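Here's the structure, in structure tokens; my notes come after.
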Amino acid sequence: MHMSAASKEVQRVMTFCNACRYCEGYCAVFPAMELRRTFSSQDLSYLANLCHNCRDCYYACQYTPPHEFELNIPKTMAELRLETYREFCWPKGFRGLFKRNVLTLVLAILVCFAVIFGTMLMFQGKEVVFSNHTGSAAFYKIIPYQVLVTVPVTIALLVLLVVAKEFATFWRRTGGSLPSFLNLRAHGIAVTDVLFLKYLEGGGQGCTYPDGQFSMVRRWLHHLVFYGFALCFGATVLAAFYEHFLHLTSPFPVFSLPVILGTIGGIAILPGTTGLLYLKTKLDRAPATGKSTAMDIGFLILLFMVSLTGLLLLIFRETPAMGTLLAVHLGFVAVFFLTAPYGKFVHAIFRYAALVKNADEQILSKL
Ligand code: SF4
Ligand code: SF4
């Protein structure tokens, strides 16, 4: 079976590690590796997505360059991980978006802004778009209710379909079975790992990221981004519930639950994404692959802009700037979701699948 250069390198590295096993307490990769004697391409794709790039093994290993064995696990795993993002992407014709991720983001932003703004001006006229609208249903005076519901729901269903298909491809192509997928205990363990970011804790001192010093900063910043995003998502779902079941019309008061959750979430995302971007500027490049840097940075900036424009819309929603800010915010939100299956967001999908598979394997190995 054909193996890419990145797969062969991970295979070489894992064969060394399986004999050495010095790093077995660092993360889930090593216990998973120890369940195998040989490594198929399926195993390697799975292990690459189980690695969360903490770099502990790089700084601990006596065989990293300049040693002649030249083991560099974080870099090798990251390169294979990127390959899996492209390979398991759906539809296949969109693979190239991973390589031109930043260009894709910029074009998507321009197109979304042009479409939203153009449609608003064409159908509502600039007097309406640039006027002051207050009180109940103010947003719907700029963008009609039917449009504001139909378009996001269509995008959400489309993204959900693509993400489900990518998850299923990852599962199948890494050797996952239906019984493993249906193992609820494994899902429970994986969800707990995600909620507590267990592996970013390392051995209690955090990861050796961005350099050789142990630090919990990356973990806390990830928590801010993760829970910030979850709160914003929850706020949107709650707002839809208020509208459709309680018949309350947005914009909601500042002290209503959707606004409070969205505000806390948005505020959490700002330092979370800024901090992660700052850590990237301090990164020790030796254990990194330069191939994903642009994609990582593009994703963080996009998330930052979604959050910032959402907060600005909240602050200025009773001014004539509301129409413009609504268009800009919705533009960033649309780009975020439309590009999610073809960028850094895929990490969340494949990482979760890898954690479930790992939990299932560990449960079975103890029977
Ligand atoms: S990374 Fe190096 S020290 Fe760690 S298990 Fe592999 S070979 Fe051993
Ligand atoms: S970089 Fe971290 S997560 Fe990846 S294999 Fe090494 S110790 Fe494990």
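It should be emphasised that the depicted structure is a prediction, and the values quoted were computed from it without experimental measurement. Counting starts at 1 for both ligands and their atoms, in listed order. In what follows, residues are counted from 1 in the order of the sequence shown.
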Item to complete: Taking only heavy atoms of Cys27 into account, list the atoms of ligand 2 that are under 4.0 Å away from them.
Response: 3 (S), 5 (S), 7 (S), 8 (Fe)
Worksheet, complete the sentence: If you scan protein heavy atoms around atom 1 (S) of ligand 2, the nearest is Arg55 N, 3.2 Å
Practice prompt. Check Thr64 against ligand 1 and report side chain, backbone, both or neither, counting heavy atoms closer than 4.0 Å.
Written response: neither
Discussion item. Yes or no: does Glu24 have any heavy atom under 4.0 Å from an atom of ligand 1?
Written reply: no
Worksheet entry | For atom 8 (Fe) of ligand 1, the protein heavy atom that lies nearest, with its residue and separation | Cys20 SG, 2.3 Å
Response to the item:
For atom 2 (Fe) of ligand 2, the closest protein heavy atom turns out to be Cys54 SG, 2.3 Å
Worksheet item: Counting from 1, what ligand 1 atoms have a heavy atom of Leu71 closer than 4.0 Å?
Response: 7 (S)
Worksheet item: Taking the six-membered ring of Tyr58 as reference, does the NZ or CZ atom of Lys75 fall below 6.0 Å from its centre and within a 45° cone about the axis?
Response: no
Discussion item. Please determine whether the number of non-hydrogen atoms from other residues, nucleotides or ligands lying under 6.0 Å from atom CZ of Arg100 exceeds 12.
Written reply: no
Worksheet item: To the nearest 0.1 Å, how far is atom 4 (Fe) of ligand 1 from its closest protein heavy atom, and which atom is that?
Response: Cys23 SG, 2.3 Å
Discussion item. So if I count the atoms of ligand 2 from 1 in the order they appear, which ones are less than 4.0 Å from some heavy atom of Ile73?
Written reply: 5 (S)
Item to complete: Among all protein heavy atoms, pick out the one at the shortest distance from atom 6 (Fe) of ligand 2; state its residue, atom name and that distance to 0.1 Å.
Response: Cys57 SG, 2.3 Å
Practice prompt. Could you see which bit of Tyr63 sits under 4.0 Å from ligand 1, with heavy atoms only: side chain, backbone, both or neither?
Written response: side chain
Worksheet item: Out of curiosity, does Trp171 fall in the hydrophobic cluster containing Leu364 (side-chain heavy atoms, cut-off under 4.5 Å, transitive links)?
Response: no
Fill in: Gln213, CD: over 12 other non-hydrogen atoms inside 6.0 angstrom
no
Worksheet item: Is it the case that one hydrophobic cluster holds both Phe252 and Ile267, taking links as side-chain heavy atoms less than 4.5 Å apart, direct or via other members?
Response: no
Worksheet entry | Distance-only polar pair, side chains of Tyr227 and His222, donor-acceptor under 3.5 Å | no
Item to complete: Determine whether more than 12 heavy atoms belonging to other residues, nucleotides or ligands lie under 6.0 Å from atom OH of Tyr59.
Response: yes
Item to complete: Note the single closest protein heavy atom to atom 3 (S) of ligand 1, along with its residue, its atom name and the distance in Å.
Response: Gln62 OE1, 3.4 Å
Worksheet entry | 2.8 Å cut-off met by an N, O or S atom of Cys61 to atom 6 (Fe) of ligand 1 | no
Item to complete: Compute both the distance and the angle, then confirm whether Arg86 meets the cation-pi test with Phe98: under 6.0 Å from the six-membered ring centre, within 45 degrees of the axis.
Response: no
Worksheet item: Is Arg37 atom CZ crowded by more than 12 heavy atoms from other residues, nucleotides or ligands, each under 6.0 Å away?
Response: no
Discussion item. Quick check on contacts: which atoms of ligand 2 are under 4.0 angstrom from a heavy atom of His52?
Written reply: 3 (S)
